[in-house]
Amino acid sequence: MAPGAPSSSPSPVLAVLLFSSLVLSPAQAIVVYTDREVHGAVGSRVTLHCSFWSSEWVSDDISFTWRYQPEGGRDAISIFHYAKGQPYIDEVGTFKERIQWVGDPRWKDGSIVIHNLDYSDNGTFTCDVKNPPDIVGKTSQVTLYVFEKVPTRYGVVLGAVIGGVLGVVLLLLLLFYVVRYCWLRRQAALQRRLSAMEKGKLHKPGKDASKRGRQTPVLYAMLDHSRSTKAVSEKKAKGLGESRKDKK
Amino acid sequence: MLLLLLSIIVLHVAVLVLLFVSTIVSQWIVGNGHATDLWQNCSTSSSGNVHHCFSSSPNALPRPWPSVQATMILSIIFSILSLFLFFCQLFTLTKGGRFYITGIFQILAGLCVMSAAAIYTVRHPEWHLNSDYSYGFAYILAWVAFPLALLSGVIYVILRKRE
């Protein structure tokens, strides 16, 4: 039982350190992002987006490669290459003169546009990005579907229906509140005119109405006036009072 | 007074929970080892261990589904809105006033559930092709939620605020 020296042997500590340095070192891999599916109509154009994340800065030797594998085919052919700041477009294959480079390496964008789609363009496109010294990584694939007419996506239809109905209901609600507000304001204006007329004749009803509380003074005031005056507003007040005032 | 308020809120929340469960759980139609709901077809293998779910492919079949799914989601939205509006009106309504907006939204939610369940009842043979089936519990919950939602809405309309 020697005191002092810590009994743990150095090897587990070393192992942990070694392990962490291997696993937790900055991962040198490039990650490529593309859409999963793209829909296009015959004869139109479609954009294949490709973006990437790299742990290194974008170098001048960065290269993008697009490969195409036809639907049901087994081989992938290379249709586009970008290297050293220069795009190289397919000039002999099926995509002859149909590809346009719209990407920009500085914005980490490697997108291309395919013009004048045809049914034979159905297939899988692979985007491959290499950013030396960061060259190890996964590529990403996008599947192109060519339709005669692009069908509206289901989620869009669902969202449109729900949004439409909600919008209509809220609009009706808003309309109702606006109409009610205007109506009440007109009643208040009318009441003010009446009370101005009444000042000479009767004193009490005005005070009584204000005593009954701050809530809905207009309704109570109108009801009081409907008893005492024979103005045109009497009919209006009665209509308003009976529809709103609950019989307690 | 507090008891009444609590019971009304409990009823409303129960309706909301029923709506959620009915929309999300996959048990509208059950048959031998497969279950369908609004969103996907799930089937279990005979051993009962493996679930395969196929989400409804959007562009394939003529679909009554936008209407059923949309109305179920709408009913949930209306019910949530009405709960929110109830609390708003509880504190801002004048004494003696009635909870019209809350009641209207809750009644709308009930009507939406009813229309969703009715459309589903009428149109579901178009969607799945099995002849032997029975309705699952989520379908029953949708029909149960409808009168409860109507009841809750009517209670809100006749309820009056006191101090």
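All values below come from the heavy atoms of this structure, side chains included, with hydrogens, waters and symmetry mates left out.
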Open item on the list: Taking atom CG as the centre, does A:D75 end up with more than 12 heavy-atom neighbours from other residues, nucleotides or ligands that are less than 6.0 angstrom away?
Closed with: no

Open item on the list: So which residue, B:I104, B:L74, B:L108, B:L81, ends up with the most heavy-atom pairs under 4.5 Å with chain A?
Closed with: B:L74

TODO: Please report the closest heavy-atom contact between B:A70 and A:L158, naming both atoms and the distance.
DONE: N-CD1, 3.8 Å

Open item on the list: If you count every heavy atom of other residues, nucleotides or ligands that lies below 6.0 Å from B:L6 atom CG, does the total exceed 12?
Closed with: yes

- [ ] Kindly indicate whether the side chain of A:Y177, heavy atoms from C-beta on, has any atom under 4.5 Å from the side chain of B:I101.
- [x] yes

Task: Reported CG-to-CG distance for the pair B:L85 and A:L173, which is rounded to 0.5 angstrom - done: 7.5 Å

TODO: Could you tell me the separation between the CD1 atom of A:I162 and the CD1 atom of B:I73, rounded to the nearest 0.5 Å?
DONE: 4.0 Å

- [ ] State the CG-CD1 distance between A:L166 and B:I77, to the nearest 0.5 angstrom.
- [x] 5.0 Å

- [ ] May I ask you to check whether over 12 heavy atoms, not counting those of A:Y119, lie within 6.0 Å of atom OH?
- [x] yes

Task: A:E148 atom CD, neighbour heavy-atom count above 12 within 6.0 Å - done: no

